[in-house]
Undergrad: 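Provided herewith is a single structure, encoded as structure tokens, for subsequent inquiry.
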Amino acid sequence: MRRLSSSVCSPSSHRLNPVTSMATGSNSLIWFRKGLRVHDNPALEHASKASSGSMYPVFVIDPRYMEPDPSAFSPGSSRAGVNRIRFLLESLKDLDSGLKKLGSRLLVLRGEPGEVLVRCLREWKVKRLCFEYDTDPYYQALDFKVKEYASSVGVEVFSPVSHTLFNPTDIIQKNGGKAPLSYQSFLKIAGEPSCAESELVMSYSSLPPVGDVGSIGVSEVPKLEELGYREDEQDEWTPFRGGESEALKRLNNSISDKAWVANFEKPKGDPSAFLKPATTVLSPYLKDVKKHTSPPVSLLGQLLWREFFYTTAFGTRNFDKMKGNPICKQIPWKEDHDMLAAWRDGKTGYPWIDAIMVQLLKWGWMHHLTRHSVACFLTRGDLFIHWEQGRDVFERLLIDSDWAINNGNWMWLSCSSFFYQALPTPYVSIVSLLMLHILRRCFSGGGFQYNRIYSPVSFGKKYDPEGKYIRHFLPVLKDMPKQYIYEPWTAPLSVQTKAKCIVGKDYPKPMVMHDAASKECKRKMGEAYALNKKMNGNIGDDDLKDLRRKLETDEESNIRNQRPKLN
DNA sequence: CCAGAGTTGTGCCT
DNA sequence: AGGCACAACTCTGG
């Protein structure tokens, strides 16, 4: 197998590579977090080289993510819906059986990961600590503490970059200390994504034995119930199973379907095709399993977008907030908990939007264009609610939720950040004419402008005029005739009665009228953009408050002026 | 200053 | 299905 690689992701560029002592007989610890895989795992490979010692494979169940929260809006913890937790447990189970086949096993511990790790290092006399480098702020802070302790007691730390193909630190350094703000400039700086020959570590004949665990409490991978969740908490579960084996199966299926690969064009996938999804549905697994074959350019392009978001996220202060985020437009979003809850719970009265939100709730996954649709609706398109609040809902419910990509996309979709583009000449020079043709088609078209708003009615209708997708996720509308299914409030009462779905009783009335709401949103975005320009990005809380007040006053008077005169 | 470009808009025409 | 008008932003490059 050939491996996607580049000059900056070869093993020599792994950050923190202090291979100091190769003392035999010393114990090593491999700390699993995101990369829950046996193959293509440099941290595991390094840990296993402790030839005559023991290797402790560890996963720490972090209460911050896993503690059940009965007050959350759906089953799960405060930060993760139950689908995500289940997906993680399935991935751990698969990892455990992969390790067991090689004479090892996964040791599952619970508690604050930093404290747990320190206890393990001490108790098991670990000389070498290995874990995948992670750019998320939570892990940056956690890993800093762990590394500090390790170096104070002389434990060797090996923390390779293997979650991304490129090393974000290298790219930011090459760009003069700042993250590139456009995809094209990212490509320019990152260099050629070459498909270098480099053998994968696909199989070990065996792994070092697990040593005595002493007084440390370790367990097998727990069941959902053992973490305090109930199997019957949800009536429909995600059809996607977690784990490296499943991911490799999907990868092989996708790649071996030649016709599918040849025709792959990301923007053209049918977002309403839910029985056979139009994308690879690899993203939840890509969190854990990196791609290693040489993909077609269109797929490669998708992977590079991931790299781009990771780099930008790592190089930007307060990337997950509007305030204090240098690349984020300051916009006076509306504070409205009821509207947010209606959107979140699939009760907006727009079947297309609601079906998508129900799919998210039940499956923890939906097509990326449908993500665009609901994100646009919540923010700049209709409700004018803060992207951070939508981001939180996605982060909790998506089984493929990813800190960098989720925040980046929400800023993008809400038109809070522009990632300006340049000509792709340096990149184009390295690809064949055929690839160039595909690239041109993939990369043509406009970027996000706040006047380009997804319609909650026509966007879905274009792909699914029968409304099959809506009927599946919103059974209450399953007998609504197709000419009304995207706008059931327009159906005559007799039709609603016959379909056993009275709008306002069985299914909600639309919470806003899209034409008026989107027009209002455009106006607000225009004013907010103008203020951002005028202030050159230096907008304080007071400026934002003033603008919010002005926008609301204008909105009221607009509504008043639209009212028919009484005399 | 203007023209051109930007990963994935809508509506209407043929 | 493909072309075009619509409305319209902000940057780059000349």
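These values consider heavy atoms only, across backbone and side chains, with no hydrogens, waters or symmetry-generated copies. Residue numbers begin at 1 in each chain, while the letters A, B, ... track the order of the sequences.
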Undergrad: Roughly how many Å is it from OH in Tyr450(A) to P in dT10(C), rounded to a whole number?
TA: 6 Å

Undergrad: How would DNA chain C look in dot-bracket form, 5' to 3', counting Watson-Crick and G-U wobble pairs with both distances under 3.5 Å and writing | for bases paired to another strand?
TA: ||||||..||||||

Undergrad: Output all residues satisfying side chain to side chain donor-acceptor pair (under 3.5 Å) with Asn325(A), sequence neighbours left out; order by chain, then residue number.
TA: none

Undergrad: Just to verify, what does Leu361(A) make a side chain to side chain contact (heavy atoms under 4.5 Å, CB included) with, not counting sequence neighbours?
TA: Phe73(A), Ser74(A), Leu397(A)

Undergrad: Is the shortest side-chain N/O distance from Tyr529(A) to OP1 or OP2 of dC9(C) below 4.0 Å?
TA: no

Undergrad: Between dT10(C) atom C1' and Lys533(A) atom NZ, what is the distance in whole Å?
TA: 7 Å

Undergrad: Atom CD1 of Ile327(A) to atom P of dT10(C): distance rounded to whole Å?
TA: 16 Å

Undergrad: For Ala80(A), what residues pass the side chain to side chain contact (heavy atoms under 4.5 Å, CB included) criterion, not counting sequence neighbours?
TA: Ser77(A), Arg84(A), Ile85(A)

Undergrad: Should the ring pair Phe309(A) and Trp412(A) be called parallel, tilted or perpendicular, given that the plane angle runs from 0 to 90° and is split at 30 and 60?
TA: perpendicular

Undergrad: Find the distance Phe377(A):CZ to dT10(B):C1' and express it as a whole number of Å.
TA: 17 Å

Undergrad: Rounded to whole Å, how long is the line connecting atom CH2 of Trp352(A) with atom C1' of dT10(B)?
TA: 15 Å

Undergrad: Whole angstroms only, please: what is the OH-P distance between Tyr463(A) and dA1(C)?
TA: 12 Å

Undergrad: Just jot down the side chain to side chain donor-acceptor pair (under 3.5 Å) partners of Thr311(A), sequence neighbours excluded, or say none.
TA: none

Undergrad: According to salt bridge (Lys or Arg N to Asp or Glu O under 4.0 Å), does anything in residues 471-496 of chain A pair up with another residue at least two apart or in another chain? List the pairs.
TA: Lys461(A)-Glu487(A), Glu466(A)-Lys482(A)

Undergrad: Protein-nucleotides 4-7 of chain C N/O pairs closer than 3.5 Å?
TA:
unit_1 : atom_1 : unit_2    : atom_2 : d
dA7(C) : N3     : Asn451(A) : ND2    : 3.3

Undergrad: Find out whether the Lys NZ or Arg CZ of Lys522(A) is both under 6.0 angstrom from the six-membered ring centre of Tyr450(A) and within 45° of the ring's axis.
TA: no

Undergrad: Quantified in whole Å, what is the P atom distance between nucleotide dG4(B) and nucleotide dC4(C)?
TA: 16 Å

Undergrad: Specify the separation, in whole Å, of atom CE of Met525(A) and atom P of dT10(C).
TA: 10 Å

Undergrad: With Glu552(A), which residues qualify under salt bridge (charged side-chain N to carboxylate O under 4.0 Å, His left out), at least two apart?
TA: none

Undergrad: Mind checking side chain to side chain contact (heavy atoms under 4.5 Å, CB included) for Pro332(A) and listing every partner two or more places apart, or none if nothing turns up?
TA: Ala528(A), Leu544(A), Leu547(A), Arg548(A), Leu551(A)

Undergrad: The criterion is ring-ring contact (aromatic ring centres under 6.0 Å, His included); which residues satisfy it with Tyr507(A), sequence neighbours excluded?
TA: none

Undergrad: Are any protein N/O atoms closer than 3.5 Å to N/O atoms in nucleotides 11-13 of chain B? If there are, list each pair with its distance.
TA:
unit_1  : atom_1 : unit_2    : atom_2 : d
dG11(B) : OP2    : Ser458(A) : OG     : 2.6

Undergrad: For Leu531(A) and dT10(C), what is the distance between atoms CG and C1' respectively, to the nearest whole Å?
TA: 16 Å

Undergrad: Could you work out, with side chain to side chain contact (heavy atoms under 4.5 Å, CB included) as the rule, every residue matching Ser518(A), not counting sequence neighbours?
TA: Ile453(A), His514(A)

